[in-house]
S.K.: 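Dumping the structure here so I can ask a few things about it.
If you're wondering where the values come from, they're calculated on a predicted model, not measured in any experiment.
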Amino acid sequence: MTHDLAPGVQSRIPLEELRRRYARCDIAAVDLDECMMPGFAQVILGRRIALRTLLRPCRFRDMLRIPRLIQGGCHVTGMRMLDLLGCRISRPDMMVVFERTLRGLPREYFTQAAEGIARFGYPMMTEALAQLAGRMPVGIVSFCLEIIVRQFVSPLNQGGHEIVSYYRSNRLKFRRDDGRMVLEGYDRSCFMTGPTDKRVAIEEEMAKRRAGRPLVIGHSDEDVGMAELARERKGIAIGFNPLRSCVEAFDVVASGDDWSSLSMLCRILGEADAGSG
């Protein structure tokens, strides 16, 4: 049985029970790709790097990599098209293409391409996250790159108001080459590629903060591990425009072209005294 809580918000759990759980949640974890923003931020980053290499290369020899960049771009585009057609593409496979295609390019391309990427975030996202942050620590747990995640964290935490208390993401590793730092690949010491990795990440953050009940906002199969943890701990697992393949993993499903449904959900859950239980 489902319960209609608001336009675009359905729950498998009755409202009063959700309110009780919400009152006891003491940490939140949010996915980034296709959750805080539509699409994959890393694909946007790769596209920007390719254009910069073509139009304003740091070094002449970087232009020699253009054929490989075009090939990698076509590869990722093909994978995304299959993804949109319902053929689920392994995220690690896309990450390997990204690494192989951009390996050896100077770090400047990556830092400059990441600038301003947060503007692709969903409208009303800041308002909804601020509501959560008023009740519990909020973090981003994502396969996305740290240089991208930081672009989202900075505006969310500006003005002395901390909305994002922590984040866990993948990092790139650079090495020195002819006086410049160039991409070597992913930092394998903190490499997340599957649902279990995300679950472990939030469990570690919970241990640091002595938190016991997580609230999770996810979208895809990659977030199922976090959703399962939330349900096991009697927290709340929320799916934002979730994929059909994983919709059953979430307690609440919110949909829409912005985060207004999530903002409304937070208001509804926080309206009344949840009592004890």
S.K.: Go through L145 and Q42 one step at a time and tell me if the side chain to side chain contact (heavy atoms under 4.5 Å, CB included) criterion holds.
M.R.: CA-CA 7 Å; L145 296 174; Q42 209 159 311; 3.4 Å; yes
S.K.: Heavy-atom count check: over 12 atoms from other residues, nucleotides or ligands less than 6.0 Å from R210 CZ?
M.R.: no
S.K.: Hey, quick one: are M226 and L262 part of the same hydrophobic cluster, counting side-chain heavy atoms closer than 4.5 Å, chains of contacts allowed?
M.R.: no
S.K.: Carefully, step by step, assess I148 and L45 under the rule side chain to side chain contact (heavy atoms under 4.5 Å, CB included).
M.R.: CA-CA 8 Å; I148 294 173; L45 186 82; 4.1 Å; yes
S.K.: Taking F174 as the starting point, is it possible to reach V182 by hopping between hydrophobic residues whose side chains are less than 4.5 Å apart?
M.R.: no
S.K.: Under the salt bridge (charged side-chain N to carboxylate O under 4.0 Å, His left out) criterion, do R135 and D26 qualify, and how do the steps go?
M.R.: CA-CA 8 Å; R135 304 180 67 97; D26 49 13; over 6 Å; no
S.K.: Considering all heavy atoms of both residues, which atom of F240 and which atom of S261 are nearest to each other, and what is their separation?
M.R.: CE1-OG, 4.1 Å
S.K.: So L105 and F110, do their side chains get closer than 4.5 Å, heavy atoms only?
M.R.: yes
S.K.: Have Q71 and T101 got a donor and an acceptor in their side chains that come within less than 3.5 Å?
M.R.: no
S.K.: Below 4.5 Å, heavy atoms only, C-beta onward: do R233 and R24 meet side chain to side chain?
M.R.: no
S.K.: With salt bridge (charged side-chain N to carboxylate O under 4.0 Å, His left out) as the test, would you mind laying out the steps for R188 and E99 before giving the verdict?
M.R.: CA-CA 12 Å; R188 263 34 182 209; E99 180 181 56; 2.5 Å; yes
S.K.: With a 4.5 Å heavy-atom cut-off, do R48 and I117 have their side chains touching?
M.R.: yes
S.K.: Taking atom CZ of F152 and atom CG of L32, what is their separation to the nearest 0.5 Å?
M.R.: 4.5 Å
S.K.: Please answer: with hydrophobic residues joined when any side-chain heavy atoms are less than 4.5 Å apart, are L183 and I44 in the same cluster?
M.R.: yes
S.K.: Which atoms form the tightest heavy-atom contact between S169 and E146, and what is the distance?
M.R.: OG-CA, 3.4 Å
S.K.: Regarding R171 and E184, does a basic nitrogen lie under 4.0 Å from an acidic carboxylate oxygen?
M.R.: no
S.K.: So which atom in C58 and which in P106 form the shortest heavy-atom distance, rounded to 0.1 Å?
M.R.: CB-CG, 4.3 Å
S.K.: Does the side chain of D221 come under 3.5 Å of the side chain of S245 through a donor N or O and an acceptor N or O?
M.R.: yes
S.K.: Step through the shown structure and confirm whether more than 12 heavy atoms of other residues, nucleotides or ligands are within 6.0 Å of CG on D177.
M.R.: yes
S.K.: Closest approach of R56 and Y109, non-hydrogen atoms and distance?
M.R.: O-CE2, 4.2 Å
S.K.: Is there a continuous path of hydrophobic side-chain contacts, each under 4.5 Å between heavy atoms, that joins I217 to I202?
M.R.: no
S.K.: Between R213 (side chain) and G235 (backbone), is there a donor-acceptor pair under 3.5 Å?
M.R.: no
S.K.: Just so I know, are the side chains of M136 and L215 near enough to count as touching, which here means a heavy-atom distance under 4.5 Å?
M.R.: yes
S.K.: So, K234 and E17, do they make that salt bridge, N to O below 4.0 Å?
M.R.: no
S.K.: Do E34 and N241 have side chains that approach each other closer than 4.5 Å (heavy atoms only, starting at C-beta)?
M.R.: no
S.K.: How far apart are the closest heavy atoms of Y166 and A29, and which atoms are they?
M.R.: OH-CB, 3.6 Å
S.K.: Report the distance from atom CG of L269 to atom CG of L15, rounding to the nearest 0.5 Å.
M.R.: 6.5 Å
S.K.: Taking only Lys NZ, Arg NE, NH1 and NH2, and the carboxylate oxygens of Asp or Glu, determine whether R20 and E16 approach each other closer than 4.0 Å.
M.R.: no
S.K.: For T2 and V253: C-alpha separation, side-chain torsions, deciding distance, then whether side chain to side chain contact (heavy atoms under 4.5 Å, CB included) applies.
M.R.: CA-CA 10 Å; T2 58; V253 171; over 6 Å; no
S.K.: Do R59 and D178 sit within salt-bridge range, that is, some charged N less than 4.0 Å from a carboxylate O?
M.R.: no
S.K.: Hey, what do you get for CD1 (I70) to CD1 (I66), rounding to the nearest 0.5 Å?
M.R.: 7.0 Å
S.K.: Taking K208 first and then E205, would you say they form a salt bridge - that is, a charged N and a carboxylate O separated by under 4.0 Å?
M.R.: yes
S.K.: Considering all heavy atoms of both residues, which atom of R231 and which atom of D251 are nearest to each other, and what is their separation?
M.R.: NE-OD1, 3.1 Å
S.K.: Are side-chain heavy atoms of W259 and E127 found at a separation under 4.5 Å?
M.R.: no
S.K.: Can you confirm whether the side chains of R267 and S263 place a donor and an acceptor under 3.5 Å from each other?
M.R.: yes
S.K.: Treating D4 as the side-chain partner and Q10 as the backbone partner, does any N or O pair qualify as donor plus acceptor under 3.5 Å?
M.R.: no
S.K.: What verdict does the side chain to side chain contact (heavy atoms under 4.5 Å, CB included) test give for E222 and K198, after you've listed the backbone C-alpha separation in whole Å, the side-chain angles of each residue and the deciding distance to 0.1 Å?
M.R.: CA-CA 8 Å; E222 299 157 6; K198 284 192 172 186; 4.2 Å; yes
S.K.: Side chains of V153 and I140: closer than 4.5 Å at any heavy-atom pair?
M.R.: yes
S.K.: Checking side chain to side chain donor-acceptor pair (under 3.5 Å) for the pair S165/E162: CA distance, chi angles, key distance, verdict?
M.R.: CA-CA 7 Å; S165 299; E162 182 181 84; 3.1 Å; yes
S.K.: In the single-linkage hydrophobic clustering (I, L, V, M, F, W, Y; side-chain heavy atoms under 4.5 Å), do L229 and V216 co-cluster?
M.R.: yes
S.K.: Verify, without hydrogens or angle tests, whether T111 (side chain) and E108 (backbone) share a donor-acceptor contact under 3.5 angstrom.
M.R.: yes
S.K.: Nearest 0.5 angstrom please: N170 CG to F98 CZ, how far?
M.R.: 10.5 Å
S.K.: So, are K173 and D187 salt-bridged, with charged N and O less than 4.0 Å apart?
M.R.: no
S.K.: Can you tell me how far apart CE (M125) and CG (L156) are? Round to the nearest 0.5 Å.
M.R.: 5.0 Å
S.K.: Which value, rounded to the nearest 0.5 Å, describes the distance between L172 atom CG and M181 atom CE?
M.R.: 12.0 Å
S.K.: Does a side-chain heavy-atom distance below 4.5 Å link L132 with Y22?
M.R.: yes
S.K.: Are the side chain of R12 and the backbone N or O of F250 linked by a donor-acceptor pair below 3.5 Å?
M.R.: yes
